[in-house]
Amino acid sequence: NAGVTQTPKFRVLKTGQSMTLLCAQDMNHEYMYWYRQDPGMGLRLIHYSVGEGTTAKGEVPDGYNVSRLKKQNFLLGLESAAPSQTSVYFCASSYSRSTEKLHFGNGTRLTVT
Amino acid sequence: AQSVAQPEDQVNVAEGNPLTVKCTYSVSGNPYLFWYVQYPNRGLQFLLKYITGDNLVKGSYGFEAEFNKSQTSFHLKKPSALVSDSALYFCAVRDKAGGFKTIFGAGTRLFVKA
């Protein structure tokens with residue numbers, strides 16, 4: 001049971017380049033989330049999904065897009081990377097949105113130069 | 001709007017001493033409260049949660065937390081700290097009014113000295 005798997009683990013982009021971060025979970029969870037972690041700011045919610053084919057904006061959605069074509073996968077896209085998007089990105093999933101804990105991947109460290 | 005405050009950037013304790021990591025929250029409805037721990041280069045791991053019922057909840061690795069509604073606090077505690085407890089700790093809250101989105105505090109780094 002792998003849990004939540006994120007790829008890649010590390011990436012360096014130049015300003016203006018694009019990329020997609022992949023999150024996969026094997027727990028049959030309905031709910032999936034993308035967070036970014038910055039020093040002193042905790043985790044901030046970028047986008048989330050309450051089921052296959054659905055997505056919604058979180059606290060800091062600008063500059064990011066997401067897709068949830070399959071229940072087990074949640075993709076985060078950066079169309080034109082900016083230095084302000086240098087961060088550690090975490091994907092999480094949960095069985096329910098109210099009382100159940102979040103299961104996290106190990107993160108993707110992205111640097112935009 | 002929901003918010004979580006962890007007033008201490010860092011907490012230092014000696015091994016064997018009790019530890020407390022503080023958390024206060026603000027929500028408009030009944031809160032669902034969580035603590036997570038993060039070790040270097042890893043994702044967050046769940047420690048414990050308060051949903052309803054007994055105000056004192058026990059979790060993984062000997063940690064516990066007390067829900068105090070009047071003080072809107074959910075402090076994390078452990079009777080006897082271990083060097084291996086050194087990590088980054090996050091308090092988090094959800095409520096129905098916030099669409100059950102999980103909001104995290106800024107984190108508190110716990111350093112346990114041998």
Side-chain angles (χ1 to χ4, degrees), chain A residues 2-10 21 23-25 27 29-51 54-61 74 87-110, chain B residues 1-10 21-25 27 29-53 57 59-60 63 65 67 87-109:
Chain A
V4 179
T5 303
Q6 291 183 234
T7 53
K9 290 183 170 57
F10 304 94
L21 283 67
C23 176
Q25 53 95 3
M27 296 170 284
H29 287 168
E30 288 290 343
Y31 302 90
M32 296 187 74
Y33 311 83
W34 277 107
Y35 286 90
R36 59 178 288 173
Q37 181 180 22
D38 301 292
M41 302 186 74
L43 279 75
R44 292 180 292 168
L45 182 63
I46 305 172
H47 286 280
Y48 63 101
S49 169
V50 300
T54 74
T55 63
K57 294 180 180 180
E59 301 172 78
V60 289
F74 194 28
S87 187
V88 181
Y89 292 86
F90 286 99
C91 177
S93 70
S94 66
Y95 178 71
S96 82
R97 65 174 183 159
S98 56
T99 60
E100 294 303 313
K101 65 183 180 184
L102 296 177
H103 298 253
F104 283 86
N106 284 330
T108 295
R109 185 173 295 275
L110 175 66
Chain B
Q2 306 159 285
S3 66
V4 178
Q6 293 182 243
E8 301 153 318
D9 291 335
Q10 182 165 314
V21 183
K22 296 180 180 177
C23 172
T24 59
Y25 64 90
V27 298
N30 292 323
Y32 298 159
L33 295 155
F34 300 79
W35 276 102
Y36 291 86
V37 60
Q38 185 181 32
Y39 298 101
N41 301 312
R42 300 297 300 273
L44 278 67
Q45 297 176 31
F46 170 78
L47 277 179
L48 51 78
K49 66 180 177 182
Y50 171 82
I51 304 300
T52 187
V57 294
S60 307
F63 284 93
F67 170 63
L88 188 55
Y89 290 81
F90 290 97
C91 182
V93 68
R94 293 176 190 156
D95 77 331
K96 186 176 181 179
F100 293 115
K101 292 188 288 292
T102 303
I103 303 299
F104 287 86
T108 298
R109 188 164 298 282

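We name chains A, B, ... by the order of the sequence lines, and we start the count at 1 in each one.
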Report which part of [X] has an atom under 4.5 Å of a heavy atom belonging to chain A: side chain, backbone, both, or neither.
X     : answer
B:D9  : neither
B:Q38 : side chain
B:I51 : side chain

Item to check | Partner set under ring pair (Phe, Tyr, Trp, His ring centres under 6.0 Å) for B:Y50, not counting sequence neighbours | outcome: B:F67

Shortest non-hydrogen contact from [X] toward [Y]:
X     : Y     : answer
B:V93 : B:L33 : CG2-CD2, 3.7 Å
B:Y89 : B:F63 : OH-CZ, 3.4 Å
A:V4  : A:S93 : CG2-OG, 3.6 Å

Which bit of [X] is near chain B, if near means a heavy-atom gap under 4.5 Å: side chain, backbone, both or neither?
X      : answer
A:L45  : side chain
A:Q6   : neither
A:R109 : side chain
A:Y31  : neither

Item to check | Most chain A-contacting option - heavy-atom pairs closer than 4.5 Å, from B:R42, B:Q45, B:R109, B:K49 | outcome: B:R42

Checklist entry - With respect to A:H47, which candidate in A:M32, A:K57, A:E59 satisfies the side-chain contact (heavy atoms from CB on, under 4.5 Å) definition? => result A:K57

Checklist entry - side-chain hydrogen bond (donor to acceptor under 3.5 Å, both in side chains): which pairs involve residues 97-108 of chain B, sequence neighbours left out? => result B:Q6-B:T108, B:R94-B:T102

